[in-house]
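Okay, structure first, notes after.
Hydrogens, waters and symmetry mates are skipped; everything else that's a heavy atom, side chains included, is used. Every number for a ligand or one of its atoms is a count from 1 in the order of the listing.
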Amino acid sequence: MTYPIAVYGHPVLRKVAKDISQDHEGLAEIIENMWETMYQSDGIGLAAPQVNKSIRLFVIDATPLEDDFPELKDFKRVFINAKITERTGEEEITSEGCLSLPGIREDVKRPAQITIEYVDENFTPQRDTFSGFAARVIQHEYDHLEGILFIDHLSPLRKRLLKGKLTKIAKGEVDIDYKIIMPAGQNKARRR
Ligand code: NI
């Protein structure tokens, strides 16, 4: 089954997500449903807070982009209890979007390389270094676990220019073909 997606204004997107244990209830099913939700909405990554689950889990399948970015070849993975231990390299600017911010695309500056420790879907510990677009997608999804959205990386001016769009999203006024969760108490939603 697919999950509806929490959009800007929903408080779950601002929470710091919690680590989970291997016996987390329904974990295999949650992962399967997250894949299905991501594919159905044409995303390349999806973090659990976006489906209203405040747990440290995200999935990425960037293989549709591997023609443009060779580093994405076979890049399909489940990241559980992830921790970015190192961010290195020069900062790069690339345009990003997010299923929780429909209709918004902005240039975001991020370090070019990261090292991340996590467990995979079998709870096997992994430690990997990624660069290029892979590092970018991971940092974007990882931010969701920390209650951070990509718009938080924009300049105050840029963010101010998006205010009208953000207000519309928080009211559920979006033109998309996936299901969303209406932000609870939308008019009082905390913004930053
Ligand atoms: Ni996102």
Side-chain angles (χ1 to χ4, degrees), residues 2-18 30-31 33-65 69 72 75-84 87 91-111 114 116 118 130 132-154 158-159 162-163 165-170 172-183 186 189-192:
T2 59
Y3 295 125
I5 290 180
V7 293
Y8 179 83
H10 195 294
V12 72
L13 296 175
R14 291 313 195 176
K15 277 193 199 162
V16 177
K18 296 221 168 16
I30 292 171
I31 293 171
N33 291 341
M34 282 179 64
W35 284 129
E36 202 179 324
T37 303
M38 188 189 81
Y39 290 130
Q40 190 262 340
S41 50
D42 289 325
I44 55 170
L46 184 68
Q50 294 182 276
V51 295
N52 203 15
K53 298 183 188 303
S54 195
I55 57 176
R56 298 188 79 86
L57 159 67
F58 59 87
V59 299
I60 295 176
D61 181 356
T63 57
L65 302 177
F69 303 94
L72 299 179
F75 185 41
K76 178 181 172 182
R77 263 173 232 228
V78 176
F79 293 82
I80 297 169
N81 300 344
K83 194 159 184 56
I84 292 181
R87 298 176 197 250
E91 297 210 304
E92 290 176 347
I93 297 173
T94 302
S95 157
E96 295 188 20
C98 179
L99 295 175
S100 297
L101 290 158
I104 296 183
R105 281 205 80 85
E106 290 288 329
D107 284 347
V108 180
K109 201 195 275 185
R110 296 186 190 271
I114 57 141
I116 187 168
Y118 60 101
F130 294 93
F133 204 83
R136 172 160 300 266
V137 182
I138 290 170
Q139 289 178 86
H140 177 115
E141 298 311 329
Y142 185 85
D143 271 357
H144 279 300
L145 309 183
E146 300 291 315
I148 298 168
L149 298 171
F150 80 83
I151 50 170
D152 300 338
H153 296 285
L154 305 178
R158 209 49 232 160
K159 208 174 163 183
L162 289 174
K163 214 176 160 208
K165 278 188 181 175
L166 292 173
T167 304
K168 279 194 174 166
I169 295 172
E173 295 171 22
V174 289
D175 181 23
I176 40 175
D177 50 15
Y178 49 89
K179 291 174 289 174
I180 63 165
I181 310 172
M182 283 297 293
Q186 48 181 266
R190 188 165 60 95
R191 307 214 164 83
R192 52 174 179 179

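- Remark: the backbone N or O of Gly147 is paired with a side-chain donor or acceptor of Arg14 at under 3.5 angstrom.
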Per-pair distances, 0.1 Å, donor-acceptor, side chain in residues 97-104, under 3.5 Å, sequence neighbours excluded:
{"unit_1": "Ser100", "atom_1": "OG", "unit_2": "Ala6", "atom_2": "O", "d": "2.8"}
{"unit_1": "Ser100", "atom_1": "OG", "unit_2": "Gln50", "atom_2": "NE2", "d": "3.0"}

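- Applying the salt bridge (charged side-chain N to carboxylate O under 4.0 Å, His left out) test to residues at least two apart or on different chains, the pairs with a partner in residues 35-58 are Asp19-Arg56, Arg56-Glu146.
- Qualifying side chain to side chain donor-acceptor pair (under 3.5 Å) partners for Asn81, counting only residues two or more places apart in sequence or in other chains: none.
- Shown are the protein N/O/S atoms under 2.8 Å from the Ni ion (ligand 1), given by residue and atom: Cys98 SG, His140 NE2, His144 NE2.
- A centroid separation of 6.0 Å or more is found between the aromatic rings of Phe75 and Phe69.
- Going from atom OG1 of Thr37 over to atom CH2 of Trp35 covers 11.5 Å, rounded to the nearest 0.5 Å.
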